[in-house]
Protein chains: 2
Amino acid sequence: MAIIFSRKCELGIQAVLYLSSVEGRNVIPSEEIARELKIPKEFISKILQELTSSGIVSSKKGKMGGFSLAKNPNKIHLLDIVLAIDGSEIFSKCVLGFPNCSSETPCPMHNTWSQLIDETFKMLNEETIDQFKHKTLRKIESLK
Amino acid sequence: MAIIFSRKCELGIQAVLYLSSVEGRNVIPSEEIARELKIPKEFISKILQELTSSGIVSSKKGKMGGFSLAKNPNKIHLLDIVLAIDGSEIFSKCVLGFPNCSSETPCPMHNTWSQLIDETFKMLNEETIDQFKHKTLRKIESLK
DNA sequence: TATAAATCAGATATTTTTGTCTGATTAAAA
DNA sequence: TTTTAATCAGACAAAAATATCTGATTTATA
């Protein structure tokens with residue numbers, strides 16, 4: 001099966017969007033994120049640990065601890081999360097899997113594909129997570 | 001890691017492009033395809049079997065047997081190969097992995113992503129493999 | 001008709017991804 | 001100061017994707 005982002009990346013984005021959508025609270029325990037997004041607690045806390053170490057999320061240990069965004073949501077781009085979890089390979093890798101694909105020795109699909117990937121990159125790089133707040137709230141609601 | 005097409009799909013496209021690029025020969029044994037594309041013979045013949053059963057490639061058993069395209073290369077679209085191997089999920093699946101994503105209950109990225117996926121679909125659906133012949137020949141050459 | 005060269009089917013092995021568990025550590029609050 | 005509720009690290013388990021192996025079958029040709 002073809003996929004775009006790894007499952008970890010999908011859930012990482014979901015969790016960051018969730019953190020950006022809750023207002024007036026300091027930190028959110030992973031139990032709540034898991035419950036609201038209907039995903040396993042252990043898995044999402046693993047992912048949030050990764051995002052903590054890459055500086056997108058920050059964590060507070062101990063009782064009353066949990067996770068929060070490490071910076072202003074208008075400074076967090078979707079691209080940051082994708083790069084932190086899935087890396088940059090998707091933007092450089094040959095779509096047909098040829099080992100030495102480049103503009104010098106392009107694969108048959110190289111040019112057409114580059115355009116699509118460039119657009120995707122731009123979108124992920126331009127969109128910041130604060131732009132999704134209302135959409136996220138609606139989506140969380142629809143999961144109930 | 002993020003991916004677009006599965007490895008099987010990448011190699012399936014490579015193999016079909018290879019078959020479309022050889023001229024004046026009836027069938028090509030998987031050993032030759034594997035050698036030219038520098039990939040394992042057993043794996044590519046497994047993939048070609050799948051493409052045979054979906055009518056894109058045809059096979060001839062026994063001595064002097066091998067694989068060939070089942071139809072005119074200007075009738076084979078990239079999309080055909082993708083659908084045969086990876087299925088259609090990539091075109092309908094929620095990019096953030098939400099279970100119930102649709103235009104009624106869209107995820108935050110739904111609209112932006114739909115546009116990119118539509119463009120990708122169009123490209124795969126419009127391009128036929130005969131259009132890649134010269135590019136394929138050059139690429140094969142670069143692998144040597 | 002025997003041999004050689006190929007596909008093909010199914011089983012098995014390996015690797016990667018996904019998900020779970022356990023226990024250590026931390027910090028708030030009773 | 002003890003209990004409780006949380007992160008965090010690392011090991012482990014399960015599932016999926018990727019790759020290999022074996023042997024049966026098919027067919028051309030010597």
Side-chain angles (χ1 to χ4, degrees), chain A residues 1-15 19 25-35 37-70 85-87 89-90 93 97 99, chain B residues 1-15 19 25-35 37-70 82 85-87 89-90 93 96-97 99:
Chain A
M1 192 231 308
I3 63 161
I4 301 292
F5 301 130
S6 71
R7 185 72 180 144
K8 275 164 73 176
C9 189
E10 290 177 355
L11 296 183
I13 297 174
Q14 287 191 21
L19 289 177
R25 290 165 61 203
N26 213 354
V27 296
I28 312 290
S30 57
E31 188 277 323
E32 172 181 335
I33 302 174
R35 177 167 31 82
L37 297 174
K38 308 251 189 296
I39 55 185
K41 169 176 172 295
E42 293 81 6
F43 199 31
I44 197 61
S45 55
K46 256 283 144 64
I47 296 167
L48 285 166
Q49 281 166 39
E50 283 190 43
L51 290 174
T52 298
S53 77
S54 54
I56 294 167
V57 160
S58 68
S59 67
K60 180 162 180 270
K61 290 188 193 174
K63 192 170 181 178
M64 303 301 275
F67 295 93
S68 60
L69 297 183
I85 298 182
D86 279 345
E89 205 176 346
I90 194 177
K93 186 180 167 297
Chain B
M1 192 230 311
I3 65 162
I4 301 291
F5 301 130
S6 70
R7 184 74 180 144
K8 275 164 74 176
C9 189
E10 289 178 356
L11 296 183
I13 297 175
Q14 287 191 22
L19 289 177
R25 292 164 62 203
N26 213 353
V27 297
I28 311 290
S30 58
E31 189 278 323
E32 171 181 334
I33 303 174
R35 178 165 32 81
L37 296 174
K38 308 252 190 293
I39 55 184
K41 169 175 173 295
E42 292 82 5
F43 199 31
I44 198 60
S45 54
K46 256 284 144 65
I47 296 167
L48 286 165
Q49 281 166 38
E50 282 190 44
L51 291 173
T52 299
S53 78
S54 53
I56 294 167
V57 160
S58 68
S59 67
K60 182 163 179 265
K61 289 186 193 174
K63 192 172 183 178
M64 302 303 276
F67 295 93
S68 60
L69 297 182
V82 172
I85 298 182
D86 279 345
E89 204 176 346
I90 194 176
K93 187 181 167 298
L96 295 186

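No experiment lies behind these values; they were computed from the predicted model shown. Within every chain, numbering begins at 1; the chains are lettered A, B, ... in the order of the sequence lines, protein sequences first and strands thereafter.
One can place CD of A:E10 at 14 Å from P of C:dT17, the figure rounded to the nearest angstrom. The CZ-P distance, from A:F67 to C:dA27, rounds to 14 Å in whole Å. Separating the CD1 atom of A:I39 from the C1' atom of C:dT20 is a distance of 14 Å, rounded to the nearest angstrom. The separation between A:E31 atom CD and D:dT7 atom P is 9 Å, rounded to whole Å. Rounded to whole Å, atom P of C:dT20 lies 15 Å from atom CD of A:Q49. Protein atom CD1 of B:I33 is 15 Å distant from nucleotide atom C1' of C:dA5, rounded to whole Å. The CG atom of A:L51 sits 13 Å away from the P atom of D:dA9 (whole-angstrom rounding).
Applying the side chain to side chain donor-acceptor pair (under 3.5 Å) test to A:Q14 and every residue at least two apart in sequence or in another chain returns nothing. Listed by chain and residue number, A:P40 satisfy the side-chain contact (heavy atoms from CB on, under 4.5 Å) test with A:E42 (two or more places apart in sequence, or in another chain). Residues passing the ring-ring contact (aromatic ring centres under 6.0 Å, His included) test with A:F43, sequence neighbours excluded: none.
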**Q.** Where protein sits on nucleotides 15-22 of chain D, one letter per nucleotide: B base, S sugar-phosphate only, - none, heavy atoms under 4.0 Å
**A.** ---SBBB-
Q. Which parts of nucleotides 25-30 of chain D does protein reach within less than 4.0 Å, heavy atoms only, written one letter per nucleotide 5' to 3' as B for base, S for sugar-phosphate only and - for none?
A. -BBB--
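For residues 44-62 of chain B, every residue pair satisfying the side-chain hydrogen bond (donor to acceptor under 3.5 Å, both in side chains) rule, not counting sequence neighbours, is listed here: B:K8-B:E50, B:S58-B:S68.
At C:dT7, one or more side-chain N or O atoms of B:S30 fall inside 4.0 Å of OP1 or OP2 (strictly under the cut-off).
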